[in-house]
Amino acid sequence: MRYTPHTEADRRQMLDAIGLSAIEEVFAHVPEELRARARIRLAEGLSEVQVKKRLSALAARNATPGEWSFFLGAGIYHHFIPSTVDAIISRGEFATSYTPYQPEVSQGTLQAIYEFQTLWCQLTGMEVANAGLYDGASAAAEAVLMARRVQQGRRRIVLSRALHPQYRSVISTYLKNLPGVELIEAGFDETGASDAEALARAVDDRTICVVVGYPNFFGVIEDLAPVQELCSRHGSLLIAVTTEALSLGLLKPPGEWGADIAAGEGQSLGVPMSLGGPGYGFFACRKKFLRSMPGRVVGETVDSEGRRGFVLTLSTREQHIRREKATSNICTNQNLCGLASTVFMATLGKSGLRRLAEINAAVAHETCARLVREAGLTRLFAGPFFNEFVLRVDDLEQRLSRLRADKIIAGLPLARWYPELRDSLLVCVTEMNEREEIEQLVKSLTRR
Amino acid sequence: MRYTPHTEADRRQMLDAIGLSAIEEVFAHVPEELRARARIRLAEGLSEVQVKKRLSALAARNATPGEWSFFLGAGIYHHFIPSTVDAIISRGEFATSYTPYQPEVSQGTLQAIYEFQTLWCQLTGMEVANAGLYDGASAAAEAVLMARRVQQGRRRIVLSRALHPQYRSVISTYLKNLPGVELIEAGFDETGASDAEALARAVDDRTICVVVGYPNFFGVIEDLAPVQELCSRHGSLLIAVTTEALSLGLLKPPGEWGADIAAGEGQSLGVPMSLGGPGYGFFACRKKFLRSMPGRVVGETVDSEGRRGFVLTLSTREQHIRREKATSNICTNQNLCGLASTVFMATLGKSGLRRLAEINAAVAHETCARLVREAGLTRLFAGPFFNEFVLRVDDLEQRLSRLRADKIIAGLPLARWYPELRDSLLVCVTEMNEREEIEQLVKSLTRR
Amino acid sequence: MIFERGSPGRTSFFWPERREAPAEIPSRLLRREIPGFPEVGELEVMRHYTTLSQRNYAIERQFYPLGSCTMKYNPRLNEAVARLPGFAQLHPLAPAELIQGALELMHELESMLAEISGMDAVTLQPAAGAQGELTGLMIIRAYLSQKGNPRKKVIVPDTAHGTNPASSTLCGYDVLQIGSNERGMIEPGELERLMTEEAAALMITNPNTLGIFDENIQKIATVVHAKGGLVYLDGANMNALMGIAKPGDMGVDVLHINLHKTFSTPHGGGGPGAGPVAVKETLAEFLPVPRVVKTETGFSLDEDLPLSVGRVRSFFGNFGILVRAYAYIISLGADGLEDVSRTALLNANYLRKRLEGHFHLAYSEPCMHECVFTDRLQQKYGVHTLDIAKRLLDYGFHPPTVYFPLVVAGALMIEPTETETRETLDAFAEAMIAIAREAKENPELVKNAPYTTPVRRLDEARAARRPVLRWEEPRRDGDERQEGKA
Amino acid sequence: MIFERGSPGRTSFFWPERREAPAEIPSRLLRREIPGFPEVGELEVMRHYTTLSQRNYAIERQFYPLGSCTMKYNPRLNEAVARLPGFAQLHPLAPAELIQGALELMHELESMLAEISGMDAVTLQPAAGAQGELTGLMIIRAYLSQKGNPRKKVIVPDTAHGTNPASSTLCGYDVLQIGSNERGMIEPGELERLMTEEAAALMITNPNTLGIFDENIQKIATVVHAKGGLVYLDGANMNALMGIAKPGDMGVDVLHINLHKTFSTPHGGGGPGAGPVAVKETLAEFLPVPRVVKTETGFSLDEDLPLSVGRVRSFFGNFGILVRAYAYIISLGADGLEDVSRTALLNANYLRKRLEGHFHLAYSEPCMHECVFTDRLQQKYGVHTLDIAKRLLDYGFHPPTVYFPLVVAGALMIEPTETETRETLDAFAEAMIAIAREAKENPELVKNAPYTTPVRRLDEARAARRPVLRWEEPRRDGDERQEGKA
Ligand SMILES: Cc1ncc(COP(=O)(O)O)c(C=O)c1O
Ligand SMILES: Cc1ncc(COP(=O)(O)O)c(C=O)c1O
């Protein structure tokens with residue numbers, strides 16, 4: 001049988017040792033009615049060759065950036081992944097190990113997580129970071145939950161409407177069954193940033209936190225100074241949520257803006273798009289919230305001979321110890337994706353990460369400028385952006401389908417998520433979009 | 001710079017330590033005329049993304065079994081490779097190590113080679129095997145060279161014309177500059193096997209050896225008993241050369257036929273076709289020839305604490321010790337391909353290897369029978385075959401090009417290598433040829 | 001430490017084209033350089049992480065009998081197919097007609113999981129078991145709310161995994177703990193007492209974390225249903241059930257499945273996994289959006305489900321993990337999956353038999369895919385579960401799950417899985433037996449273990465007391481950047 | 001040992017369809033089962049070879065300063081591209097129009113190698129350096145034969161790699177050894193004496209295996225050419241020359257290049273590599289067949305070269321290795337390649353400087369990409385090169401090449417390559433210096449090294465005396481099949 005190694009003789013010998021004559025006797029106590037109906041009606045097993053063939057056929061029916069030009073971002077980004085990443089994460093020692101509960105034989109994973117935490121502290125400018133969460137959206141939700149825990153007695157949560165719509169959905173899903181919470185959205189202004197007045201109206205002294213995208217869903221780099229000022233005036237926490245982690249290679253980090261929590265999606269840094277998962281959520285915050293943090297944390301310590309070593313720590317926050325009083329229900333996270341990011345960041349390094357971020361900003365700005373200048377399109381928002389921007393395109397759907405015939409996906413129409421933004425297209429340009437692709441995009445959007 | 005880690009400061013510091021002010025001073029003693037002309041006129045370096053793009057574009061201009069139906073064998077075979085193989089050989093510990101000259105830190109490679117040698121002894125039924133040679137053709141040539149060494153005073157070498165033509169070429173290339181050697185070819189009969197009478201005429205008491213394909217180039221499984229008998233009558237060595245190593249999972253091994261040397265190509269067992277290389281040559285022989293063998297050999301021994309360990313041994317045969325008197329000039333061989341084969345054989349194991357060989361024989365016979373029955377073609381040779389056979393096809397070139405339009409490569413026309421075999425097609429069918437492909441082949445060759 | 005390697009200015013990034021950040025971005029919004037960020041060459045990266053990897057235990061190295069974790073072989077084939085560009089390079093917001101292969105795979109995986117578990121509808125969105133639990137409980141809550149009353153409590157057995165109560169809290173429920181009887185099962189009488197109209201659901205694990213199949217499961221479900229509640233099954237132990245009993249037949253209304261356990265996607269040192277949720281027909285309309293639906297021409301995405309609990313995660317969940325699980329299921333097929341559970345049971349019972357007498361068995365009930373021993377026999381020598389666990393490391397084995405479930409003092413919870421050979425089980429049993437002997441004859445030896453690991457026992461108290469959670473640049477820069485530091 | 005694992009009848013092969021061997025094959029031609037062949041499960045395979053791999057030293061683990069071996073970083077990128085199905089799954093006998101991408105790659109690689117070496121035409125067919133040598137000598141022989149006399153001898157310096165004389169013999173030439181002078185170079189006067197019309201060629205390595213660049217190379221070539229002979233360059237040391245000096249400008253007529261050295265294809269524990277041969281225009285017509293030629297519409301294969309030496313290998317050589325080398329060259333580009341050699345020289349000279357005084361330097365000439373020390377200073381303590389090498393293992397380093405070149409007694413030949421950092425070189429130097437100190441203060445410590453390796457010094461004499469070259473089934477079957485055996 002596939003993957004079960006026993007021969008008939010092995011089975012026989014083992015059954016003899018147990019004192020049984022058939023394997024069915026082992027589960028004879030399972031009620032007969034259940035056993036009788038338990039047969040699985042699926043096809044027979046396949047050989048490796050057949051499995052590969054089936055999966056290749058399915059894969060072939062999906063469009064990839066190899067043949068298509070994609071200008072899609074909106075939470076998942078197509079970036080360069082150095083070959084070091086897969087070489088490391090496909091090593092069995094990393095890929096087939098469990099959560100490092102026995103530190104003596106898990107120093108590889110533990111130290112890698114410790115490095116990951118450090119990298120995220122450095123990148124976000126925050127004091128502490130955890131070992132990662134499921135994705136950016138649930139990380140944002142966990143940030144709000146943590147804010148609620150440390151801001152007892154308050155009830156209002158203010159979300160910028162310029163925060164990724166799926167993130168807002170997930171936050172709302174996570175919160176909707178919890179008592180005493182009020183979720184409020186504040187709109188955006190003509191720069192595409194969160195509307196300062198709307199925020200000011202929404203935030204009061206009972207406000208737990210304000211959640212802002214950085215950059216936000218429209219690609220706009222928000223100036224967090226006024227928001228931070230507003231928050232501190234009301235004793236609310238500022239949560240900066242980043243979907244495009246690469247931007248942190250260039251932008252002033254949330255910590256420097258005075259954010260209390262920085263959370264978001266790490267996929268940009270070394271993880272393939274993979275239809276949006278697996279990636280991972282990053283989560284960093286002020287040290288004073290340490291014991292309220294969700295998720296796993298690795299700490300440095302020494303062994304009985306005084307050597308440096310690493311362990312899972314502060315686990316009294318976690319479900320396996322604290323059960324219903326845990327700071328989160330998370331157990332399995334997205335560790336291997338975090339490792340991919342760690343290797344990615346180590347490979348690019350200080351200068352490489354910045355240069356890659358600069359290239360993104362440069363090509364996106366250049367493309368945007370050309371689309372405005374040559375194709376005569378207009379930017380919907382005036383705010384500064386990183387590698388995504390919103391254009392107004394008349395007859396959007398029609399033009400998109402014409403572009404699709406040329407194998408170009410020019411961006412994401414926003415009306416689906418923002419009914420008020422008809423004929424608006426969110427365009428993302430990264431270092432992976434080749435010169436010819438951009439040429440082609442400009443050309444196709446120019447000719448009418 | 002790519003892959004060179006030094007920063008400017010590193011370089012400066014190192015130059016200072018050496019006492020130089022510029023790196024150019026290190027090679028100032030290289031004649032000026034040489035230095036002046038040494039600039040390399042090639043393009044500038046590329047990023048990973050650009051390199052991948054360029055290579056993918058080149059790769060895309062080659063036809064693979066994914067889109068095309070290939071019925072090509074003739075020395076390189078398309079077989080199933082379990083996923084274990086690449087998982088192991090891509091491990092840096094194996095892929096980026098050198099020839100195991102320091103056994104204390106090379107037990108991984110050494111033991112793997114020891115297992116490889118054992119597997120090849122088992123597969124060929126011979127007493128000893130080496131760590132592998134370049135390919136089947138040069139292994140055949142090395143076999144002949146070894147035969148010449150151990151059969152001093154003799155001069156004639158008899159090759160069956162049913163031996164792979166490229167192998168015959170390589171043998172002739174290797175031998176042509178050596179004194180006192182006479183190369184003779186003996187024809188084949190209507191069964192496709194080496195012609196017994198031609199062989200009997202060719203072999204005399206000064207014959208060093210007889211080289212026969214097993215199975216031969218026409219896919220025919222030669223009965224080695226009469227050849228062996230002939231050889232032993234004249235004191236000549238019998239060299240059995242296998243290009244389709246998988247056949248040894250089913251066929252009586254050369255050792256049991258009384259062959260003195262078994263050599264050939266190991267690609268079939270776990271190595272991708274890769275346009276014919278890298279694969280590896282296997283080489284096994286009688287123990288009494290041990291000290292005349294070409295190539296590297298690993299032996300078992302113990303360490304200073306009595307533990308089992310492995311070392312390169314009998315290296316007094318080799319070029320790095322014996323120089324111009326070495327048994328061969330080989331140094332670097334094809335070790336990682338040998339490891340791939342070792343993992344392949346371990347994965348399939350005793351029963352799996354046989355079953356895969358049986359499947360090959362079964363589908364090839366079935367296809368052959370249908371082509372005869374349904375397409376009305378005739379087999380050119382009557383001898384038993386493994387997974388390759390020769391058909392007579394009228395208007396061969398014309399029909400082949402018609403098939404090519406359907407993305408079918410029906411086989412290898414033999415006239416290029418055997419001018420006497422016009423309109424003859426060598427067809428190979430393996431487990432990788434899907435049912436529909438075969439259906440299609442039969443259909444296409446049936447309709448005229 | 002990667003931060004201790006390298007040299008200022010070094011990088012492995014090579015990109016011929018140089019671009020400046022556009023002037024349109026005000027410099028006020030830009031960062032300075034990132035202090036302490038790595039500056040290493042590509043070979044240094046490879047060496048650093050290759051070396052680290054060798055400081056890890058892994059299934060591909062040796063036996064990993066962590067109870068409740070189902071550490072089985074993760075086929076390399078699945079790793080290969082998940083890396084096909086047609087899966088790995090998909091953007092989730094590409095129009096549905098450009099990802100038909102992916103949608104078909106998800107649709108088919110949903111049906112296969114439904115068939116295996118005996119349920120009617122499946123969502124693949126949850127990223128792991130715990131998120132599956134939360135999703136499942138939200139579905140229950142939405143269903144009950146629609147019926148008029150979401151209720152207040154969830155009943156959770158004392159043997160449950162910690163995520164069960166934690167997920168209940170997160171879903172706004174109070175946890176009502178129910179004890180297990182001396183057979184390690186839920187006492188139907190006790191349940192009848194606790195199961196009031198306040199209780200939204202019973203969250204049961206079956207077989208439970210003791211490896212015991214609760215024979216009363218159908219009766220239990222009847223009790224819950226009679227009071228208008230629903231039965232949630234923690235399906236982390238599906239590895240015991242395939243072809244043996246379907247949760248759908250047990251009266252279960254909702255369950256989650258850990259693809260990273262039963263369906264063999266690699267654990268990756270702690271994820272990513274995937275925690276699909278399967279429900280009965282009546283609950284299907286509450287599943288998260290979007291749903292993959294089959295249309296006449298192919299597959300499309302339905303976001304428009306008014307009763308849906310909403311989204312629990314962005315996009316489609318951990319798609320790459322779904323690909324692996326799909327490959328696993330079609331590789332094994334019906335026969336193969338049934339053989340998985342039977343063999344998992346055989347291995348667990350064999351190991352149980354071999355260790356009986358040497359270690360105290362927590363329950364004498366027949367076990368399914370795992371069994372729980374304790375340190376009771378060793379305690380008299382001052383040797384505890386932790387010591388046994390650490391000593392096993394010296395024998396080259398990963399210890400079982402320890403001190404869980406909480407109801408068993410000093411638990412050693414062993415789940416061998418079906419992919420282990422008899423020889424491996426024997427070798428493990430012999431190591432355990434040797435340790436039992438050592439505990440008697442030389443307890444100090446065991447209490448100071450391990451001796452042969454890259455580091456010895458680590459001071460966990462210190463780590464928690466004075467948390468150091470990130471590397472910091474040492475005061476005197478440069479000195480610490482030395483080769484040789486791991 | 002894989003043969004000591006498993007259980008009779010076990011296999012990892014799964015193929016639903018069962019087929020019998022066709023009756024048409026007479027049973028007389030069939031084998032019985034293969035005694036002793038492995039019978040293991042897939043997880044056992046993975047564990048066995050993963051465990052073995054960890055008993056290996058490798059570049060991806062640590063510094064590997066083997067002189068003459070150019071153990072540089074092998075970029076993972078190249079591994080990825082070589083595995084593209086459009087390269088890995090090509091059949092060599094597919095019609096040329098179906099492998100245009102492969103032919104173009106080979107054609108372009110030939111030109112790039114010609115440009116780098118300053119030669120005119122290249123064959124990629126030879127599988128390794130030694131086969132390249134043989135091919136090159138055959139070309140020389142064919143050329144001279146055509147001129148009327150193949151001649152009898154090849155002149156080979158005493159510093160040459162063993163393959164040089166071995167290849168000469170295989171090409172039917174007698175070897176005439178020429179000594180090196182006190183500067184480690186060939187004495188032109190001595191060469192003039194030996195270079196008669198009997199000599200077909202001089203086979204020179206430059207820089208030679210002492211790491212010394214022979215400044216007289218042009219004069220040497222003149223001497224050889226004056227007598228109607230040709231100059232063969234062993235290009236194994238191209239890593240020292242890129243952008244510094246082109247063999248084509250030195251008067252070289254033929255050379256081979258080890259792609260698995262300078263062009264960074266991984267060594268794989270001993271191959272596969274590739275040994276392309278580059279020649280001057282006059283020799284091009286003697287290159288092996290087939291040749292890849294550019295036509296108006298693309299690329300085709302020319303088999304029809306009447307003067308060709310023929311085939312030295314089946315098909316096209318080690319194509320998969322060519323793909324890697326191609327990727328390497330276009331990755332680095334002209335600048336990058338030039339930087340490679342300069343940095344290789346810098347590293348070697350730096351290490352030489354650091355070790356000077358602690359070890360005896362065989363030659364005081366400036367070194368190129370490698371340098372040779374000896375054990376002369378340590379001999380007085382009874383410590384020899386072998387001991388120093390073994391002791392380095394305890395410091396976590398792979399030793400240099402030892403006892404080669406043969407002309408240097410107790411040689412320690414160090415080639416750091418360009419991909420190593422200053423920190424690594426320093427750490428290695430410090431280990432060497434520490435060993436020099438140990439040799440003086442505690443020679444026994446060094447003489448009994450290594451202590452920390454998976455096995456300690458192995459009895460090589462015993463291995464050679466009573467060769468055991470294969471595993472044999474033990475008499476009492478079954479007993480030995482135990483977990484725990486490596
Ligand atoms: C019984 C049980 N329930 C739930 C979980 C939680 O699953 P996950 O870790 O995927 O969130 C686990 C595993 O850790 C488990 O063993
Ligand atoms: C100087 C020199 N020449 C020739 C060779 C032979 O090359 P190969 O091992 O590729 O046959 C080597 C390497 O082993 C070498 O170092």
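Everything numeric here is computed off the predicted structure, so don't read it as measured data. These values consider heavy atoms only, across backbone and side chains, with no hydrogens, waters or symmetry-generated copies. Each chain gets a letter, A, B and so on, in the order its sequence line appears, and its residues count up from 1.
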With a 4.5 angstrom heavy-atom cut-off, could you sort out which part of B:Glu44 is near chain D: side chain, backbone, both or neither? both
Select one option (side chain, backbone, both, neither) describing which atoms of D:Met112 are under 4.5 Å from chain B's heavy atoms. both
Of the non-hydrogen atoms in D:Ile330 and B:Arg54, which two are nearest, and what is the gap between them? CD1-CG, 3.8 Å
Proximity breakdown for D:Tyr49 and chain B, heavy-atom pairs closer than 4.5 Å: both
Among the options B:Val105, B:Ile89, B:Leu46, B:Thr99, pick out the one with the most heavy-atom pairs lying under 4.5 Å from chain D. B:Val105
Looking at D:Lys246 and B:Arg39, would you say the former's side chain and the latter's main chain have a donor-acceptor pair under 3.5 Å? yes
Residue part contacting chain B, namely of D:Asn349, when any heavy atom lies under 4.5 Å: both
So that I can tick it off, tell me whether B:Glu358 and D:Arg18 are bridged by a salt bridge, with the cut-off set at under 4.0 angstrom between side-chain N and carboxylate O. no
With the threshold set at 4.0 Å, does a side-chain nitrogen-carboxylate oxygen contact exist between B:Glu93 and D:Arg61? no
List the atom of B:Ala87, the atom of B:Ser90, and the distance in Å for their closest heavy-atom pair. O-OG, 3.7 Å
Between B:Glu305 and chain D, with a heavy-atom cut-off of 4.5 Å, which part of the residue counts as in contact: side chain, backbone, both or neither? side chain
Please classify the contact of B:Glu431 with chain D as side chain, backbone, both or neither, using a heavy-atom distance under 4.5 Å. both
So what's closer than 4.5 Å to chain D heavy atoms on B:Thr316: side chain, backbone, both or neither? neither
Is D:Ile329 close to chain B through its backbone or its side chain, or both, or neither, when contacts mean heavy atoms under 4.5 Å? side chain
Can we call the ring centroids of D:His398 and B:Tyr98 under 6.0 Å apart? no
Toward chain D, the part of B:Val128 with a non-hydrogen atom under 4.5 Å: side chain
Tell me, for B:Ile18 versus chain D, whether the close heavy atoms (under 4.5 Å) come from the side chain, the backbone, both or neither. both
Which answer fits D:Met368, side chain, backbone, both or neither, if we ask what part of it has an atom under 4.5 Å from a heavy atom of chain B? side chain
Report the option among B:Leu356, B:Ile23, B:Thr64, B:Ile76 that has the most heavy-atom pairs separated by less than 4.5 Å from atoms of chain D. B:Ile76
Heavy-atom pair count under 4.5 Å with chain B, highest-scoring of D:Tyr326, D:Tyr73, D:Phe404: D:Tyr326
Would you say D:Ser12 and D:Glu42 are linked by a side-chain donor-acceptor pair, where the criterion is simply a distance under 3.5 Å? no
So which part of B:Thr313 gets closer than 4.5 Å to some heavy atom of chain D, the side chain, the backbone, both or neither? side chain
Counting only heavy atoms closer than 4.5 Å, note whether D:Ser168 contacts chain B via side chain, backbone, both or neither. neither
Indicate yes or no: does B:Arg354 engage D:Glu39 in a salt bridge with an N to O separation below 4.0 Å. no
Can you name the nearest heavy-atom pair linking B:Gln166 to D:Phe315, along with the distance? OE1-N, 2.7 Å
Report the option among D:Pro272, D:Ala166, D:Ala130 that has the most heavy-atom pairs separated by less than 4.5 Å from atoms of chain B. D:Pro272
By a 4.5 Å heavy-atom criterion (distance strictly below it), what part of B:Arg404 contacts chain D: side chain, backbone, both, or neither? side chain
Closest heavy-atom pair, B:Glu324 versus D:Val175, reported as atoms and distance to 0.1 Å, is CB-CG2, 3.7 Å
Ion pair present between B:Arg61 and D:Glu104, side-chain N to carboxylate O less than 4.0 angstrom? yes
I need the residue from B:Glu300, B:Gln13, B:Arg307, B:Arg41 with the largest number of non-hydrogen atom pairs under 4.5 Å to chain D. B:Arg41
Student check: side-chain heavy atoms of B:Arg11 and B:Thr4 closer than 4.5 Å: yes
Under 4.5 Å from a heavy atom of chain B, the part of D:Leu346 involved: both
For the interface with chain D, which of B:Thr84, B:Leu250, B:Val26, B:Thr332 has the highest count of heavy-atom pairs at distances below 4.5 Å? B:Leu250
d(B:Gln111 CD, B:Phe310 CZ) to nearest 0.5 Å is 4.5 Å
Give a yes or no on whether the ring-centroid distance for D:Tyr64 and D:Tyr57 is below 6.0 angstrom. yes
Honestly, the part of B:Leu290 sitting under 4.5 Å from a heavy atom of chain D is side chain
Side chains of B:His6 and D:Asn347 only: does a donor on one sit below 3.5 Å from an acceptor on the other? yes
Please classify the contact between B:Ala346 and chain D as side chain, backbone, both or neither, with a heavy-atom cut-off of under 4.5 Å. both
B:Ser138 and D:Val312 have their tightest heavy-atom pair at CB-O, 4.4 Å
Side chain from CB out, backbone as N, CA, C, O: work out which of these in B:His365 comes under 4.5 Å of a heavy atom of chain D, or both, or neither. side chain
Should B:Asp303 and D:Arg456 count as an ion pair when the cut-off is N to O under 4.0 Å? no
If you tally heavy-atom pairs under 4.5 Å between each of D:Gln131, D:Arg462, D:Arg354, D:Glu418 and chain B, the highest tally belongs to D:Gln131
Counting heavy-atom pairs under 4.5 Å with chain B, the top scorer among D:His91, D:Met46, D:Lys390, D:Gln54 is D:His91
Option that, when pairs with chain D are counted at under 4.5 Å, heavy atom only, ranks first among B:Pro272, B:Ala43, B:Ser328, B:Ala95: B:Ala95
Of the listed D:Arg422, D:Glu60, D:Glu460, the one with the largest count of heavy-atom pairs under 4.5 Å with chain B is D:Arg422
B:Thr173 and D:Arg311: side-chain donor and acceptor closer than 3.5 Å? no
All heavy atoms of D:Lys72 vs all of D:Ile59, minimum pair found to be O-CD1, 2.9 Å
Largest heavy-atom contact set with chain D, pairs under 4.5 Å, which of B:Leu15, B:Leu119, B:Val311, B:Leu20: B:Leu119
Side chain from CB out, backbone as N, CA, C, O: work out which of these in D:Leu393 comes under 4.5 Å of a heavy atom of chain B, or both, or neither. side chain
So which part of D:Pro454 gets closer than 4.5 Å to some heavy atom of chain B, the side chain, the backbone, both or neither? both
Pair B:Asp86 + D:Arg83: basic N to acidic O under 4.0 Å: yes
B:Phe70 portion near chain D, given a 4.5 angstrom heavy-atom threshold: side chain
What part of B:Pro82 is in contact with chain D, defined as an atom under 4.5 angstrom from a non-hydrogen atom: side chain, backbone, both or neither? neither
Please look at D:Pro450 and chain B and tell me whether the side chain, the backbone, both or neither of the residue comes under 4.5 angstrom of a heavy atom of that chain. side chain
Counting N and O atoms only, with roles assigned by atom type, does the side chain of B:Thr109 sit under 3.5 Å from a partner on the main chain of B:Ser106, one being a donor and the other an acceptor? no
Applying a strict 4.5 Å limit to non-hydrogen atoms, the region of D:Arg141 in contact with chain B is side chain
Side chain, backbone, both or neither: which part of D:Leu469 has an atom under 4.5 Å from a heavy atom of chain B? both
Heavy-atom pairs under 4.5 Å with chain B are the metric here; pick the option from D:Gln89, D:Glu17, D:Glu20, D:Arg10 that has the most. D:Gln89
So does D:Arg28 pair up with B:Asp223, basic N to acidic O under 4.0 Å? yes
Contact origin within D:Pro95 toward chain B - heavy atom pairs under 4.5 Å: side chain
Okay, B:Leu55 and chain D: the region with an atom under 4.5 Å from a heavy atom over there is both
